[in-house]
Amino acid sequence: MADNRYDPHEIEPRWQALWARERTWEVANESGASGSSEPRAELPGRDAAERNSYVLEMLPYPSGEPHIGHLKTYSVGDAMAHYRRRLGRRVLHPMGYDSFGLPAENHAIKTGVHPRISTAESIDSFRRQFHQWGISIDWSRELATHEPSYYRWTQWIFLELFRAGLAYRKEAAVKWCPKDQTVLANEQVTAEGRCERCGALVEVRQLEQWFLRITDYAERLLADLDQIDWPEHVKTMQRNWIGRSEGAEVTFRSEELGIDYPVFTTRPDTLFGATFFVMAPEHPDVLRLAAGTPDEHRVHEYVNHALTESNEERGNAERPKTGMALGRTVVNPVNGEAIPMYVADYVLMEYGTGAIMAVPAHDERDHAFAQAFGLPIRRVIAGPAGEGDDGTGEQGLPYTGDGPLINSHPDFDGIDSREARSVIVAWLDREGKGHASVNYKLRDWLVSRQRYWGTPIPILYCDRCGMVPVPEDQLPVELPDIEDYTPKGRSPLAAAEDWVNSTCPTCDGPARRETDTMDTFVDSSWYFLRYCDASNDAAAWDPAALREWMPVDQYIGGVEHAILHLMYARFFTKALADLGHLDFQEPFQALFTQGMVTKDGSKMSKSRGNVVSPAAIIDRVGADTARCYILFVGPPDQDADWSDEGVEGVHRFVGRLWRLSAETAERAGGPSAGLRSPIVSDEGDDLTLLRKTHWAIDKVTGDLRRFAFNTAIAAVMELVNEVSRLRDSASLETLRFALGTGASLLFPFAPHVSADVYDRLTGERVWEQRWPEAEEALLERDVYELVCQVNGRVRDRVQASSDASPETLKDLCLAAPNVQAHLDGREVVKEVVVPGKLVNLVVR
RNA sequence: GCCCGGGUAGACAAAUUGGCAAAGUCAGCGGACUUAAAAUCCGCCGCUCGCAAGGGCCUGCGGGUUCGAAUCCCGCCCCGGGCACCA
């Protein structure tokens with residue numbers, strides 16, 4: 001007997017080498033725009049958009065080595081890519097690296113090693129491991145965002161946005177470490193408001209910075225969520241982040257100063273209950289208003305104090321309300337009442353207009369403030385059961401619900417508050433004192449970073465001409481090499497004097513370069529477009545290439561990117577579409593978010609010492625086992641706990657499939673072509689095994705459609721176990737069919753062993769086979785209806801395709817003997833005893 | 001406090017969405033092979049009453065709808081994640 005030991009270290013490199021040699025996973029653009037030079041295949045009947053499929057996983061940030069989370073993401077994505085290929089699609093499945101970013105720069109500050117060097121090392125390590133995992137990547141389209149050939153086009157997009165007025169400069173607060181002389185990212189600030197590196201107290205500084213006008217797109221970013229096939233919880237998070245609220249803008253006038261102050265409110269129906277007015281400490285008019293009043297000095301102190309408080313302090317809702325009277329009044333436009341003005345830190349400058357009308361009877365925070373400062377509280381909405389009819393009682397306040405208006409105005413009293421909202425807004429509009437308005441929580445995107453390792457912002461400052469964009473033919477603005485990455489009170493790029501000093505393209509006079517670089521989220525907001533035409537050096541892409549592939553059919557990544565990355569990429573897509581560069585509105589048609597991998601119930605981290613390295617696992621059991629296990633351990637959208645014992649179980653299963661197949665091939669005297677369902681006439685073990693095989697086909701293809709990889713793998717395990725039990729009693733032909741089918745079904749999860757087994761049994765390449773019931777084929781078949789009757793009543797109907805053999809139908813009906821079924825009008829089977837479970841009858 | 005998830009054998013889970021609860025994997029127990037071990041293969045594996053055949057009870061807890069509920073509805077308990085002065 002030959003040495004039938006499953007040896008992944010022999011099998012896996014062999015197939016990987018073949019796939020690399022034959023460039024199996026490369027797909028050419030039919031427009032000839034880019035990609036590989038594979039001759040175009042003529043596939044009749046359907047156009048490219050339908051035949052092509054774009055499967056994409058979020059690109060990795062290359063730092064150190066890939067971890068288990070990467071293994072999970074790319075195992076899920078690869079399974080989807082293979083699944084779609086085997087439905088007959090041409091699948092684009094590329095890979096790249098999000099290679100700019102803070103960790104490489106910090107490493108450089110510490111060691112002096114240029115980020116380009118350490119990044120290249122990490123990329124090599126990622127690429128090597130992805131090859132070892134056997135992921136089916138079109139390597140001809142590989143990219144890295146730190147390469148000038150890529151960021152040249154990031155800069156081009158920035159300039160397009162700039163010309164369209166979507167990129168602009170304004171002052172904004174940054175966190176600043178006075179000791180390190182540098183801007184800090186939020187994650188570099190400790191909970192106590194100290195610099196994570198040196199422990200100094202973090203300060204706030206105002207800097208002129210670049211913003212992208214994502215708020216212009218708030219409405220469309222919200223509305224178009226309805227058009228995409230994303231998990232509902234992700235859509236909910238995006239909706240909440242955009243934070244649309246409808247209400248009214250109402251003008252309160254300061255008669256003393258002759259200034260109008262608009263406020264935004266969602267409750268114009270409570271306007272008659274406004275008894276004071278509050279401004280945010282950051283509001284530019286606060287100090288002006290307080291000027292000349294007795295408390296001017298104390299207002300100053302309050303504002304300064306509020307500005308230096310950390311978010312943690314200010315964000316605490318339980319904290320007592322604080323504030324200062326400004327000694328001025330504004331007029332409530334609905335009743336002409338002069339109400340006092342305050343400044344208080346519970347009002348935020350970023351939301352609405354930075355000032356509010358306070359209605360203590362009907363808002364919790366206003367109520368708390370009124371109580372703390374002894375301000376009047378006037379009820380203007382009656383509660384249920386006539387509560388608060390006279391408007392004087394304190395019971396049930398603050399009341400934030402709805403009810404009839406009271407104590408307002410004879411014209412409005414008695415109207416239900418829901419209706420009163422629009423009635424009062426209409427009245428304000430007529431009087432010129434306000435109008436209906438919509439507000440969003442979404443804020444413009446700050447893209448400036450005072451960092452070295454990022455895409456340079458392609459802008460020049462000329463004394464004569466002002467701000468000048470770098471002309472397109474001078475792109476890319478390359479990142480200069482510098483000696484010292486340590487920040488010294490300005491962006492590290494400012495130290496590269498030769499680079500900073502340049503020439504104005506308009507007047508040829510001296511000009512200085514922008515020294516801020518871009519947020520790395522900018523780099524990753526368009527990379528999916530670049531893959532479609534990755535080696536184009538005349539343009540960011542050829543529109544014909546995008547038409548072939550975009551939008552991404554299936555996007556896959558961690559839920560931690562549910563808001564920022566996914567929102568920014570959608571914004572870029574819409575903005576570029578408006579500029580005429582794209583003809584679609586959404587980048588990712590379908591999204592799958594996979595769960596975290598934990599160890600012993602908690603997140604893997606170096607400090608906990610519970611990190612599992614994919615490389616170590618693969619050394620021990622091979623890539624197929626590792627990939628299969630990570631998908632088998634639980635539903636892939638949920639968190640999963642890594643267990644070394646569980647890995648052993650999957651390893652045993654993969655080995656069992658391989659050994660059984662090697663043994664079967666040997667007994668058969670070598671591979672025989674094709675894999676056709678054998679004819680089985682009698683009842684017996686052959687029929688049992690055949691049924692199991694058909695069941696597995698149905699189960700796995702169904703499960704793949706809904707990402708239930710764990711149960712798909714379990715079904716193959718069950719099939720293999722059945723083969724093992726029946727290996728001495730079933731015919732060789734049936735064993736071959738069952739094992740070959742099992743291997744074929746396993747291909748998306750364990751490609752190497754699957755390819756090896758299939759090759760042994762049939763001499764054919766498993767990835768060139770189509771699923772027995774490809775969706776397309778199914779659509780083209782005639783369909784019959786199986787009618788299920790229980791106790792004479794029609795319970796349900798299922799559809800069976802016409803090319804299901806009578807034997808198969810009979811098998812299925814026998815398997816569910818309690819169901820009476822009709823095929824094409826003819827009664828096929830028998831009596832109902834106990835209601836059977838109908839779906840068992842589906843034939844695909 | 002609000003918004004999402006989730007709660008099924010000792011552990012991870014399945015139940016194709018209202019149709020025989022617990023497929024599959026791990027752990028555990030027993031057996032075959034072996035001088036032995038490993039590897040491999042076979043069998044058992046929710047609780048309970050019973051010598052047995054067989055019966056009763058089981059999806060966090062309590063109710064409801066239904067011929068039929070892990071699944072739908074109402075109330076409660078627990079766990080995880082996110083948001084938190086958003087006018």
Side-chain angles (χ1 to χ4, degrees), chain A residues 4-6 231-237 239-241 243-245 247-248 250 263-268 270 274 278 280 311 314-319 321 344-348 350-359 362-366 368-369 400 439-443 559-560 562-563 595-596 598 601 628-629 632-635 637-653 655-656 659 695 698-699 701-703 705-706 708 710-721 724-725 727 788 790-791 793 795-796 816 818-819 834-840 842:
Chain A
N4 281 345
R5 242 190 21 239
Y6 168 59
E232 212 38 59
H233 69 275
V234 175
K235 289 191 190 182
T236 304
M237 281 193 258
R239 284 193 192 104
N240 293 342
W241 188 262
R244 181 183 202 274
S245 52
V250 184
V263 302
F264 175 75
T265 176
T266 53
R267 293 296 301 271
T270 64
V278 190
N311 285 338
R314 235 179 121 171
N316 184 357
E318 267 93 69
R319 183 169 87 126
K321 292 279 176 284
D345 63 5
Y346 79 93
V347 174
L348 309 175
E350 303 87 53
Y351 189 74
T353 60
I356 62 159
M357 64 172 202
V359 184
H362 303 290
D363 180 278
E364 314 232 348
R365 296 147 298 165
D366 296 346
F369 190 87
T400 55
N439 230 287
Y440 301 92
K441 284 190 216 169
L442 187 69
R443 278 179 254 154
V559 73
E560 66 273 18
I563 295 177
M596 237 172 25
T598 58
C628 239
Y629 171 72
F632 173 70
V633 66
D637 57 324
Q638 307 278 314
D639 292 352
D641 200 61
W642 182 274
S643 120
D644 289 338
E645 292 81 24
V647 173
E648 291 308 322
V650 173
H651 194 221
R652 280 201 282 270
F653 150 69
R656 195 156 57 231
R659 276 191 312 275
W695 167 83
D698 196 46
K699 177 81 179 148
T701 50
D703 285 352
R705 204 168 302 137
R706 48 194 188 96
N710 52 333
T711 52
I713 293 168
V716 181
M717 285 179 174
E718 218 176 310
L719 174 61
V720 172
N721 286 346
S724 173
R725 272 190 290 275
R727 66 174 136 183
C788 166
V790 179
N791 301 331
R793 273 194 299 163
R795 276 308 201 183
D796 212 337
N818 307 321
V819 172
V834 177
K837 196 180 167 187
L838 192 63
V839 244
N840 290 334
V842 176

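Letters go in sequence order (proteins before strands), and every chain restarts at 1.
Glycosidic conformation, rU17(B): syn, with the torsion inside 90° of 0.
For D639(A), the side-chain contact (heavy atoms from CB on, under 4.5 Å) partners are M596(A), not counting sequence neighbours. Not counting sequence neighbours, N240(A) has no partner by the side-chain hydrogen bond (donor to acceptor under 3.5 Å, both in side chains) test. Not counting sequence neighbours, the partners of D363(A) by the salt bridge (Lys or Arg N to Asp or Glu O under 4.0 Å) test are R365(A). Residues that satisfy the ring-ring contact (aromatic ring centres under 6.0 Å, His included) test with F369(A), not counting sequence neighbours, are F276(A), Y342(A), Y346(A), F373(A). The salt bridge (Lys or Arg N to Asp or Glu O under 4.0 Å) check on E364(A) picks up nothing, with sequence neighbours excluded. Scanning for salt bridge (Lys or Arg N to Asp or Glu O under 4.0 Å) contacts around R652(A) gives an empty result, with sequence neighbours left out. In terms of the side-chain hydrogen bond (donor to acceptor under 3.5 Å, both in side chains) criterion, S643(A) has no residue partners (sequence neighbours excluded).
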Could you write out each protein N or O paired with an N or O of nucleotides 1-5 of chain B at a distance under 3.5 Å?
none

Pairs under 3.5 Å (N/O, protein and nucleotides 22-28 of chain B):
{"unit_1": "rA23(B)", "atom_1": "O2'", "unit_2": "E718(A)", "atom_2": "OE1", "d": "2.4"}
{"unit_1": "rA23(B)", "atom_1": "O2'", "unit_2": "E718(A)", "atom_2": "OE2", "d": "3.1"}
{"unit_1": "rU25(B)", "atom_1": "OP1", "unit_2": "N721(A)", "atom_2": "ND2", "d": "3.0"}
{"unit_1": "rC26(B)", "atom_1": "OP1", "unit_2": "R652(A)", "atom_2": "NE", "d": "3.3"}
{"unit_1": "rC26(B)", "atom_1": "OP1", "unit_2": "R652(A)", "atom_2": "NH2", "d": "2.7"}

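On the P atoms, rU8(B) is 15 Å away from rA15(B), given to the nearest whole Å. Here, rC45(B) and rU25(B) have their C1' atoms 14 Å apart, quoted to the whole Å.
E350(A) places its CD atom 14 Å from the P atom of rA87(B), with the value rounded to the nearest Å.
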